[in-house]
There are 2 protein chains.
Amino acid sequence: MPDEAPLDSPSPGFALSSLEVGVIDFFVSAVKVLGMPKSIGEIYGLLFVSHEALPLDALCQRLNMSKGSASQGLKLLRAFGAVRATYQPGDRRDHFTAEVELKRLVAGFMREQIQPRLTHGEERLTRLLSLGSELSDQASGQFQRQRLRKLERWSQRSREVLPLLSGMLE
Amino acid sequence: MPDEAPLDSPSPGFALSSLEVGVIDFFVSAVKVLGMPKSIGEIYGLLFVSHEALPLDALCQRLNMSKGSASQGLKLLRAFGAVRATYQPGDRRDHFTAEVELKRLVAGFMREQIQPRLTHGEERLTRLLSLGSELSDQASGQFQRQRLRKLERWSQRSREVLPLLSGMLE
DNA sequence: TAAATTGTTCATTTTTTCTTGAACAGGGTG
DNA sequence: CACCCTGTTCAAGAAAAAATGAACAATTTA
């Protein structure tokens, strides 16, 4: 029984190889940049380096993570389209694999995380604009109206530009 | 002395108008999306709606925020180029105003937050690649090498695409 | 030079977010 | 039906992040 991490990983269910640790670490940082919990990065990272599809309990064992975290993490990753469940004959458990097409990952992230917040921001802005129309014509009112217009322009810009980003990935 | 928020804000140093609260709220959400603390959004938001440049203690009073938070928040915002200190004749204190050009804000965010992490990721990846070259030629080694190549391509893509984003804002 | 003013730093406290683990629901299977 | 297997949910605990406030520079004023 190997106790130090080997370079290959011939034993799914056991200690992570140093390469696996490295890749997982990579995704943990990446995912933090995007404001998501570490567990998400761990799960995706392990699936990304794993040739075989892994069931939930394999993830728990190899990552040393509670069933609850793994379940919730997988749920989120599936919502993004970053992980898919595959059927494994003769096994009742779901097996998971990583989606590795960058374009899809970005699209999923946009759809699930960015768009909703953008929409929420726009609703908020609409409410602000109606407040703005009640402002006085004093210098301060003028100025604040101007700032609200600027916010409108920003909002419009992001509606235009962000979709292009997804498009640029092929 | 008005106790409920008036629509205009004739009294810097005192209660926020409901418009001001709305704008600040807007920026607090925005800033959370970017993974920054609420205080950053509060400070920027208030400066954004304020016609006059505000000194540190005005921010503390109006936002009900400690001097420490305000000081640290301003420091970060200045690093981004999101806030600038302006000279006010006959006043020893720094006075701050919001930079409102979207292009500059995005550029500052890229420079201070995105680029450093991207660079860090690339260093990490380089280390991974050298680990990868020691992998066996078994199926699992082959597969993992392939995944490392994919990571390389992702990394390259982001180096190409992200700068374009700043460029697209005029 | 002493006192006052302005702003920064950083250990501590507070708040927020994430993880855990136990209870539970929904199937299968004998 | 009773039992087991898989996965989900959610209250409670643990960990991480942010805010506070007091001590400390650095500068200015008297």
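Computed from a predicted model, the values in this text were never measured in an experiment. Protein chains get the first letters and strands the later ones, always in sequence-line order, with residue 1 at the start of each.
- Judged by the 6.0 Å and 45° rule, A:Arg147 forms a cation-pi pair with B:Phe48.
- Looking at B:Asp57 and B:Lys67, no side-chain N of the basic residue comes within less than 4.0 Å of a carboxylate O on the acidic one, giving no salt bridge.
- A:Arg62 places a side-chain N or O within donor-acceptor distance of the main-chain N or O of A:Ala15, the cut-off being under 3.5 Å.
- A sub-4.0 Å separation between OP1 or OP2 of C:dT20 and a side-chain N or O of A:Ser69 is present.
- Salt bridge present: B:Arg145 and B:Asp137 bring a charged side-chain N and a carboxylate O closer than 4.0 Å.
- For the pair A:Met65 CE and C:dC18 C1', the computed distance is 11 Å after rounding to whole Å.
- Rounded to a whole Å, the NZ atom of A:Lys67 is 19 Å from the C1' atom of C:dC18.
- Ion pairing of A:Asp25 with A:Lys38 is absent here, as no side-chain N (NZ or NE/NH1/NH2) approaches a carboxylate O to less than 4.0 Å.
- When the side-chain nitrogen and oxygen atoms of A:Ser39 are compared with OP1 and OP2 of C:dC18, none of them lie within a distance under 4.0 Å.
- For the pair A:Leu76 CG and C:dT19 P, the computed distance is 11 Å after rounding to whole Å.
- Atom NE2 of B:His95 and atom C1' of C:dT6 are 12 Å apart (whole Å).
- Look at CG on A:Leu56: it is 14 Å from C1' on C:dG21, rounded to the nearest Å.
- The listed nucleotides are D:dA19, D:dT9, C:dT9; the one nearest the side chain of B:Ser71 is C:dT9.
- Distances shorter than 4.0 Å separate none of the side-chain N or O atoms of A:Arg93 from OP1 or OP2 on D:dC4.
- Within the 4.0 Å cut-off from OP1 or OP2 of D:dT9, at least one side-chain nitrogen or oxygen of A:Lys75 is found.
- Comparing D:dG21, C:dT9, D:dT8 by their nearest atom to the side chain of A:Arg78 picks out D:dT8.
- Look at CG on B:Asp57: it is 14 Å from C1' on C:dA4, rounded to the nearest Å.
- In this structure, the nucleotide among D:dA19, C:dT8, C:dG27 sitting nearest to the side chain of A:Arg92 is C:dG27.
- Between the CE atom of A:Met36 and the P atom of D:dA17 there is a distance of 16 Å, rounded to whole Å.
- Taking the side chain of A:Lys38 as heavy atoms from C-beta on, and the options C:dT9, D:dT6, C:dT19, the nearest nucleotide is C:dT19.
- The nearest whole Å value for the distance from the CG atom in B:Leu77 to the P atom in C:dT8 is 12 Å.
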